[in-house]
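The structure under discussion appears below in the form of structure tokens.
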Amino acid sequence: MSDSPRHDPTRQDDDTPYYDHPTGGWGSLEGVTKIFGASRSSPAAMKVLARQNKPGGMMCTSCAWAKPAKPHTFEFCENGAKATLWEMDRRRAGRDFFASHTLSELKAWNDRDLEQQGRLTEPLRYDAASDRYLPVGWDEAFADIGGRLKAMDPKEAVFYSSGHAGLEASYLYALFARAMGHQNLPQSSNMCHETTSVNLLKFIGTPVGTCTLEDFDHCDAIFFFGQNTGTNSPRFLHTLKDAVDRGCRIVTFNPIRERGLISFADPQNPAQMTVAKPTRISEKYFQVRPGGDVAVMAGMIKCVLAAEDAAPGTVLDHDFIAEHTTGVEAAMDAIRAADWGEIERHSGLTRAMIEDAAEVYLSAKNVIGIYGMGLTQHVDGWLNLGMLCNLLMLRGHIGRLGAGISPVRGHSNVQGQRTIGVGEKSSHMPADKLRELFGIEPPTEEGMNAVHASEALLEGRVKALISLGGNLVRALPDRERMEAAWPTMDLTVNIATKLNRSHLVPGKVGYLLPCLGRTDEDIQGGTAQAVSMEDSLSHIYGSVGRADPPSEQVKSEVAIVAGIAAATLPPNPRLKWREWTADYGLVRDLIAATFPDQFARFNERLFEPGGFYRGNPAREREWKTESGKAEFTTPTTLSSLGETPEGAEVVTLVTLRSNDQFNTTIYGLSDRLRGLNDRQVVLINHDEIARLGLQEGQTVTLVSAVSDGVDRRVGGLKVTAYDLPPLCVAGYYPELNPLVPLSYHEKNSQTPAYKGAPVRIVAD
Ligand SMILES: Nc1nc2c(c(=O)[nH]1)N[C@H]1C(S)=C(S)[C@@H](COP(=O)(O)OP(=O)(O)OC[C@H]3O[C@@H](n4cnc5c(=O)[nH]c(N)nc54)[C@H](O)[C@@H]3O)O[C@H]1N2
Ligand SMILES: Nc1nc2c(c(=O)[nH]1)N[C@H]1C(S)=C(S)[C@@H](COP(=O)(O)OP(=O)(O)OC[C@H]3O[C@@H](n4cnc5c(=O)[nH]c(N)nc54)[C@H](O)[C@@H]3O)O[C@H]1N2
Ligand SMILES: [Mo]
């Protein structure tokens, strides 16, 4: 590939060398059509899709982007359709399948083939003698699990949740843990936006973003850091396109020229699909070095301060700063002192480029800052967010219409689960309410998040793990060490829709319990039930499934959580597991009683078009921080990579999602929007290939450059030239997870540094 794309940080054209169509457009329609052709989804799928993300319909199981009050004709995207069809799979992984395969045999299968067996149909228990999962009755399963949990020290039990399950099951799960006597409630956000939950709370007094959809109708500039909209939240492209059509200017910082942030053709707009030009999304696109965002923002702030110095009193929002913030002097002193040479070195961008970005900031009345995993999954991720808050606050861009900070969340209900108590801290669920509503004395000892629970597992301190969805073995860092530790547990219980890797490493006693998905009709007490979720913009929606469940044996997540809880906990007339299972409205009443400020009249508002807003104090300029003010952050470094091992051959590994996967679920091997068709690759800048003495197309092994006595390596990766900044390489999650050390995480929240692991490349 001698014509392989060169890295040219100055380029600002509409093209990416790999995929020369806009995101959306015919490509995404083709994508949907292809899945329809290839998948074995039920014929009801089209009906479900037609109502997806609309009031009274099913809320997408893919990303957490908002569902507008006035939906498009099709309010789903290519990847949302994939997620729905994945769940509505007509294939079944039933008892015959499990009878004919041992787990040792299944371990040799790839992850995709495991999920391709289709939906799980009945409860299973691992039988060590035959190394197989065998059918078991629900009552027997609940009684045995309950008996084992009852017999152990509650602090040795861990209840994980992936951000799928609705608020109802999640609330009961969080209640169950605390009634049992622990709050070891790690969640997928611990690997994702925990950096946000912990640090935004510290800086501006809210664990979530401050924007709503309305803000996107009024902003003049958007600064976009490390979020791949075209793949991970495609419906958001409509919002961005509308903003651009209104004249809003978008500036993006991302090591990769991601197609969706460059141009977009609305697949639902006949004119744009045929004659009109696609919309250019980012006016300016800067290929920042991984971890270089701190330097970018320091540079931009220097420009803002220079403008203020040149025309004192006209640039900064002095009233906002004086009335609402603290720490501005120390933060600004440190930034003034930052050296442009260092800023250029860490960011990989020139001073002129950063000045260009600052010009957009200075010209805008209302600014929104948006970010994703590119800011959160770094050792000094806290500083990424601190600098973004600093930048926004200098001109009062928080708590005002058209402005704010907007983290784009991952799983469809990941934010909501945290809101209603799934979390390891006492502050996640008010103790007085637990006493008042249920007469239980909640634990005072803080629980374990995902990294702390993983460390405890490696040290033999975790005896039981219940997983409400997810694929933790694959999603965690340091996979090989984690996978080896899994079978040391006394009890593992996986509540899941499809078979995955984590299910193949049961504890000494292991259950696999099949649950309904959100597309499935959920009848309880003779009535169809709704479940609910919260989006990235803090709006809550009801969701109704209408598909035929995969088998009569499959239970809802609410029923399974309640079943285990009832079998574990001593009788308490106020813990009405059976009644709650028969009517989820009763659980929503409990959520409203526990969190009255946010969930008042929950049942009444369940199907409000556009969801109901649960409010956000920072949006109202009420700062629930330690100081009672919004806090400026003083930078201690200009990179978020942390201390990196020395050596010219050490490069930063960024792990990525493709356009054909949802986290650990791999739909297919293609990454259309990046022009890639193979997942066993390491992407490297053309000149770096030469610098490191490699050849395109050769296979190499990536070896961790962290020396802590653990050997971490992944081999068989094809060297692929790609337009990336120097000194970094990229490849796919979850294949490369063995290379990220568990100890390599964000400092305040322990979010693994999946975007900044130091590695060396060794020829195979
Ligand atoms: N189709 C689909 N949708 C999904 C998911 C999925 O797997 N598939 N996953 C869901 C989940 S759980 C989540 S959390 C979200 C994740 O959505 P994103 O937040 O978009 O996360 P990633 O895909 O990991 O990639 C983040 C982007 O950050 C860039 N990046 C990497 N390092 C840096 C850096 O140091 N600085 C900057 N500025 N950019 C950087 C990468 O090039 C990439 O474009 O998506 C959700 N939606
Ligand atoms: N290297 C690297 N690692 C990462 C990341 C990265 O960017 N790079 N990203 C991290 C992030 S942001 C996240 S959020 C985590 C994701 O970690 P997880 O949330 O643990 O993983 P998922 O792949 O989303 O989980 C998929 C499984 O969930 C089950 N499932 C699907 N739908 C349902 C349902 O409705 N109910 C139940 N009970 N089960 C269901 C299915 O069995 C499926 O196999 O991974 C993290 N790991
Ligand atoms: Mo995530």
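Start at 1 and go down the list; that is how both ligands and their atoms are numbered.
In terms of polar-atom proximity, defined here as any N/O pair under 3.5 Å, Q377 makes no such contact with ligand 1. Between A475 and ligand 2, at least one pair of N/O atoms sits closer than 3.5 Å. Checking only distances, S233 never comes within under 3.5 Å of ligand 1, N or O to N or O. Geometrically, ligand 2 and S188 share no nitrogen or oxygen pair separated by less than 3.5 Å. For ligand 1, the polar-atom distance check against K755 finds a nitrogen or oxygen pair separated by under 3.5 Å. Among the atoms of C515, none of the N or O lies under 3.5 angstrom from an N or O of ligand 2. Not a single N or O atom of C192, backbone or side chain, sits closer than 3.5 Å to an N or O atom of ligand 2. Looking at R657 next to ligand 2, an N or O pair under 3.5 Å apart turns up.
Between H164 and H411, the ring planes are tilted. Angles from 30° to 60° get that label.
One option in N232, N228, L261 has a heavy atom closer to atom 47 (N) of ligand 1 than any other, and that option is N232.
The shortest side-chain heavy-atom distance between D671 and N659 falls under the 4.5 Å cut-off.
Set against the non-hydrogen atoms of H411, the atoms of ligand 1 under 4.0 Å away are 12 (S). Within ligand 1, counting atoms from 1 as listed, the ones closer than 4.0 Å to a heavy atom of G291 are 34 (C), 35 (O). Under a 4.0 Å criterion applied to the non-hydrogen atoms of P290, ligand 1 contributes the atoms 34 (C), 35 (O). Residue E258 has at least one heavy-atom neighbour below 4.0 Å for each of these atoms of ligand 1: 42 (O), 43 (C), 44 (O). Less than 4.0 angstrom separates some heavy atom of G469 from each of these atoms of ligand 2: 37 (C), 38 (N), 39 (N). Set against the non-hydrogen atoms of G410, the atoms of ligand 1 under 4.0 Å away are 10 (C), 11 (C), 12 (S), 13 (C), 14 (S), 15 (C), 46 (C). Annotation for ligand 1: atoms under 4.0 Å from non-hydrogen atoms of Q661 are 1 (N), 2 (C), 6 (C), 7 (O), 8 (N). Applying the 4.0 Å criterion to heavy atoms of T664 picks out, from ligand 2, the atoms 22 (P), 23 (O), 26 (C).
Between N663 and ligand 1 there is a heavy-atom distance shorter than 4.0 Å.
In this structure, atom 1 (N) of ligand 2 lies nearest to the protein heavy atom N737 OD1, 2.7 Å.
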